[in-house]
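Structure record follows, encoded as structure tokens.
Side chains included, hydrogens not; waters and symmetry mates left out as well; all remaining heavy atoms used.
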Amino acid sequence: MEKNIRDSLQLGIYKVINPFVKGLIKIGLTPNAVTTIGLILNIGVAVIFVLGAEKSNRGDMSYIGWGGALVLFAGLFDMLDGQVARLGNMSSKFGALYDSVLDRYSEMIMFLGICYYLVAHHYFLSSLFAFIALIGSMMVSYTRARAEGLGVECKGGLMQRPERVVTIGVFAIACGIAGHFIGGDYKVYVPGISFHVFETMSIFTMPITIMALLTNITAVKRLQDAKKGLEAQEFNERKGNNRAALIAGLVLMGSLTGVLSFTANAQGSDPSPITFPTPKDISNQLFYLQRDPNTNTIICQLNVDKHGEVNKEQPVNVFWIRYGDKGEKKELSYIQRKFAYGIISKNLGNGQFELRFTSHKKLPMYLNKSGTDKKYHVFATINNKKMQLERIFLRIEGGTFWFPNVKYVEIKGFDASEPSKVLVERIKV
């Protein structure tokens, strides 16, 4: 409802100012030039308030009225720059940034003049509220900018920039007019209260006090809305990542089933267009798994304690090396562990373990010490050949998210009976 009213008012204002905007475009004014004019006018606002502080007395409201008029005129240019960009087809990313930065300068300079005036004429409490309103105004804008920088729309609230400009401008003019007709020293007293409850200056300072409250409420409300949006975004990302992991795991294991079901030799070259790194300097690495469409790698590592003994409950530690994220190590998520890349182990005694992927329990692998180097390795029988596993690679080219086009699975390792002999089995799927 609020958004519809705002949009309707904005469209109505645009219809009124569009002829003027077209005139600005014809004389060659750019959006950045219009934005700069708005900043200069707001500097003029501050100058008027500073002059009022230095040259007028406490009861003279004329400077406030003229300052308010210039606030509204400067605010008009805040709307004009966007329309000049749209109608003149001159929109740019830097222009949007320039507009945002100069708007913040304009608002802070305007509040500087207001606070200076209020302090100079001894409206200390009102100057405090004006400063709080400045803080709230900055946080309303910053919260939106930061949220949108993180990919979440954040435009709600009662005290956005147009409302702030109109509130200050209109009530400043009203204060100046009232000062002319009823005098700047007009006060209202209530019987039984020793101080006045209203004075001419209140026409200007009370809306600023309300603004101080509403701007900060708006900033907090935007923060709450951004929190909901970011949490939903993170949930969807995790859901997408987990789905991707699940599908990749199922495809991988389905492909490995093909390895066991079809007796085939390496077929063709057809390498991946991606250059995959070879994991290095990983202690107790057993084997690793890679697949298109990125270089992120699953590492299967022997899990030992500080004495070098294998953890019998969990002999294999599985984790990511995200080469796409500067090579950071990252644990598997719950879904990835339980349904895709996690490994189930069974202690067979005498330092031997049976291993199976959680996504496909029909492929047995065995962890035990090699008779050659007396180190732990993982062995599996592939195409009737007992192989010491080193790398599993899944080649994907095209297809869809749910049904990727798997071209082949390549398993690389060493002949268990002759460890110096490299074996590569590429099975077309």
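No side-chain donor from either of Asn284 and Gln301 sits under 3.5 Å from a side-chain acceptor of the other. Judged by distance alone, the side chains of Asn294 and Arg291 do bring a donor and an acceptor atom under 3.5 Å apart. Side chains of Glu397 and Tyr408: a donor-acceptor N/O pair is absent below 3.5 angstrom, by distance only. Side chains of Asn32 and Thr30: a donor-acceptor N/O pair is absent below 3.5 angstrom, by distance only.
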- Query: Is there a side chain to side chain contact (heavy atoms under 4.5 Å, CB included) between Met108 and Leu134 once you walk through the steps?
  - Reply: CA-CA 7 Å; Met108 287 188 287; Leu134 169 61; 3.8 Å; yes
**OP:** Determine, step by step, whether Phe357 and Met365 satisfy the side chain to side chain contact (heavy atoms under 4.5 Å, CB included) criterion, reporting the C-alpha distance in whole Å, the side-chain angles of both residues, the deciding distance to 0.1 Å, and the verdict.
**Re:** CA-CA 9 Å; Phe357 281 102; Met365 301 175 290; 3.5 Å; yes
Might you work through the side chain to side chain contact (heavy atoms under 4.5 Å, CB included) test for Leu302 and Lys375, ending with a clear yes or no? CA-CA 10 Å; Leu302 185 67; Lys375 293 181 179 179; over 6 Å; no
- Task: Evaluate side chain to side chain contact (heavy atoms under 4.5 Å, CB included) for Leu51 paired with Trp66, printing each intermediate quantity in order.
- Result: CA-CA 11 Å; Leu51 289 175; Trp66 287 113; over 6 Å; no
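For the pair Arg104 (side chain) and Ser100 (backbone), a donor-acceptor distance under 3.5 Å is present. Counting only distance, with no hydrogens or angles, the side chain of Thr295 and the backbone of Thr275 share no donor-acceptor pair below 3.5 Å. Checked by atom type and distance alone, the side chain of Asn311 never pairs as donor or acceptor with a backbone atom of Val304 at under 3.5 Å. A donor-acceptor pair under 3.5 Å links the side-chain atoms of Thr200 to the main chain of Gly183, judged by distance alone. Using a distance-only test at 3.5 Å, with no hydrogens or angles considered, a donor-acceptor pair links the side chain of Asn303 to the main chain of Gln314. Judged purely by atom type and a 3.5 angstrom limit, Ser202 has no side-chain atom pairing as donor or acceptor with the backbone of Phe198. A donor-acceptor pair is defined here as one N or O able to donate and one able to accept, closer than 3.5 Å; such a pair exists between the side chain of Asn57 and the backbone of Asp60. Formation of a donor-acceptor pair under 3.5 Å by the Arg337 side chain with backbone atoms of Leu332 is found in this model.
To the nearest 0.5 angstrom, Glu328 atom CD is 12.5 Å from Tyr323 atom OH. Between the NZ atom in Lys407 and the CD1 atom in Ile396 there is a gap of 12.0 Å [rounded to 0.5 Å]. The CG atom of Leu214 lies 11.0 Å from the OG1 atom of Thr209; values are rounded to the nearest 0.5 Å. Annotation: the span from Glu148 atom CD to Glu153 atom CD amounts to 6.5 Å, rounded to 0.5 Å. Atoms OG1 and CD1, from Thr35 and Ile40 in turn, are 11.0 Å apart once rounded to the nearest 0.5 Å. The CE atom of Met206 sits 6.0 Å away from atom CD1 of Ile210, with the distance rounded to the nearest 0.5 Å.
Of all heavy-atom pairs between Pro279 and Gln285, the closest is CB-OE1, 3.6 Å. Nearest heavy-atom pair across Ala178 and Ile203 is CB-CD1, 3.4 Å. Nearest approach of Ala130 to Leu118, heavy atoms of both residues: CB-CD1, 4.1 Å. A pairwise comparison of heavy atoms in Val318 and Glu331 identifies O-OE1, 4.3 Å as the closest pair. In this structure, Pro273 and Arg395 approach most closely via the heavy-atom pair CD-NH2, 3.6 Å. Across every non-hydrogen atom of Gln290 and Phe276, the tightest pair is OE1-CB, 3.6 Å.
We find that Arg356 and Glu354 are joined by a salt bridge, their nearest charged nitrogen and carboxylate oxygen being less than 4.0 Å apart.
Side-chain contact between Thr215 and Met139 is absent, with no heavy-atom pair separated by less than 4.5 Å. Here the side chains of Met201 and Ile64 are in contact, with some heavy-atom distance below 4.5 Å. For the pair Leu286/Leu389, no side-chain contact is recorded, criterion being any heavy-atom separation below 4.5 Å from C-beta on. The shortest side-chain heavy-atom distance between Gln336 and Trp320 falls under the 4.5 Å cut-off. The side-chain heavy atoms of Arg146 and Arg222, taken from C-beta on, include no pair separated by under 4.5 Å. Looking at Phe49 and Met110, their side chains never come closer than 4.5 Å, going by heavy atoms from C-beta outward. Side-chain contact check for Thr205 versus Cys175: every heavy-atom pair is 4.5 Å or farther apart. You'll find the side chain of Lys55 reaches within 4.5 Å of the side chain of Tyr63, heavy atoms only.
Around atom OH of Tyr189, more than 12 heavy atoms belonging to other residues, nucleotides or ligands sit under 6.0 Å away. Heavy atoms of other residues, nucleotides or ligands lying less than 6.0 angstrom from CZ of Phe181 number 12 at most.
When each of Ile343, Leu289, Asn317 is checked for a side-chain contact (heavy atoms from CB on, under 4.5 Å) with Cys300, only Ile343 meets the rule. Paired with Leu102 under the rule side-chain contact (heavy atoms from CB on, under 4.5 Å), one option of Ile37, Asn42, Asp81, Leu39 passes, and it is Leu39.
The aromatic rings of Tyr117 and His121 sit perpendicular, their planes meeting at an angle over 60°, well past the 30° parallel limit.
Cation-pi geometry between Arg58 and Tyr123 is met: the NZ or CZ atom falls under 6.0 Å from the ring centre, inside 45° of the normal.
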